[in-house]
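Before any comments, here is the structure.
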2 protein chains.
Amino acid sequence: METSQEHLPVSEATFLILLSLAQESRHGYAIMKDVEALSQGRVSLSTGTLYGALSRLLDQRWIERVEDELPEQSSRTRKRYRLSEQGRHVLQAESQRLEQLAAMARLRLAENLS
Amino acid sequence: METSQEHLPVSEATFLILLSLAQESRHGYAIMKDVEALSQGRVSLSTGTLYGALSRLLDQRWIERVEDELPEQSSRTRKRYRLSEQGRHVLQAESQRLEQLAAMARLRLAENLS
DNA sequence: TGCGATATGTCGTATAACGACATATTATGA
DNA sequence: TCATAATATGTCGTTATACGACATATCGCA
């Protein structure tokens, strides 16, 4: 049986992209802007990272293409993506890993306050 | 001014090695075992990862060599390492990054429980 | 008309994790 | 005593991926 945990950890870029799509489906540029806002400006994805990650995530089936409603008017070359079921599982597993890591650090760092 | 945040994120392997050394100075093999225990068996560092990381961490001055007390008796080829001041700063910064990421995920994932 | 924002992509480089391989010592139990 | 497991450190090649630089096109607006 293949569990989501086997794919962890995912990179920060991948995590933030998945997290952005967890809220709603978006196209690449919107993900870029959302990740920047989401991280309070700390993370600015370069286009190399973004589109490379999107293509990888599609291959892995963690995200899926969504056909834009209203394709007639205002049809730019935008491509919309959404999180797949599998992607949501991975995101949840990675979130737990992050929580666990943060909790471990809190404990160990508290031990040594002397 | 160079702040610890500029080096983030650090890899999971690096983070766990630093966290292990935050408790007390250790030699490589002991770090390996501690990381395994610390992560409840989830992370088993390969020696390639471990010794590669240690050598890099020394270069970056995030860790330092410690001369073993009692070098006469029981002197194996063990090399002991400790966390440097800079290393502790990086570890603290990375812990905060992890907390922030985990908190972000908690919020977004809670939004979409419907 | 031109510029900034929106939008997508490729390419080359650098970093680092990882498994496989190599080697040596120490402790233990059959 | 002899083999085996645990302790201990290291190198090498492969692979994954982040990132900056470059390239291109459209849209809205002043």
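Residue numbers start from 1 in every chain, and the chains themselves are labelled A, B, ... in the order their sequence lines are given, proteins ahead of strands.
A straight line from CG of B:Leu57 to C1' of C:dA16 spans 12 Å, rounded to a whole angstrom. In this structure, the CG atom of B:Leu50 is 12 Å from the C1' atom of C:dC18, given to the nearest Å. The interatomic distance linking B:Leu16 (CG) with C:dA16 (P) rounds to 16 Å, in whole Å. Summarising the geometry, the separation between NE2 on B:His7 and C1' on C:dT15 is reported as 15 Å, rounded to the nearest angstrom. Taking atom CD1 of residue B:Ile17 and atom P of nucleotide C:dA16, one finds them 12 Å apart after rounding to whole Å. B:Arg78 has its CZ atom 8 Å from the P atom of D:dT9, to the nearest Å. In this entry the distance linking CZ of A:Arg80 with C1' of C:dT8 reads 15 Å, nearest Å. Taking atom CD1 of A:Ile31 as the reference point, atom C1' of C:dT8 lies 12 Å away to the nearest angstrom.
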Treating primed atoms plus P, OP1 and OP2 as sugar-phosphate and everything else as base, which nucleotides of nucleotides 10-23 of chain D get B, S or - for protein heavy atoms under 4.0 Å? BB-----SSBBB--
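Between B:Ser20 atom OG and B:Ile63 atom CD1 the span is 10.5 Å, to the nearest 0.5 Å. Atom CG in A:Leu109 sits 11.0 Å away from atom CD in B:Gln23 (nearest 0.5 Å). The line from CG of A:Leu19 to CD1 of A:Ile31 is 11.5 Å long, rounded to the nearest 0.5 Å.
For the residue pair A:Arg80 and A:Ser25, a side-chain donor N or O sits within less than 3.5 Å of a side-chain acceptor on the partner.
Partners of A:Ser46 under the side-chain hydrogen bond (donor to acceptor under 3.5 Å, both in side chains) rule, at least two apart in sequence or in another chain, are A:Thr49. Remark: B:Arg82 pairs with B:Glu64 by the salt bridge (Lys or Arg N to Asp or Glu O under 4.0 Å) rule, at least two apart or across chains.
For B:His27, no side-chain nitrogen or oxygen approaches OP1 or OP2 of D:dT9 to under 4.0 Å.
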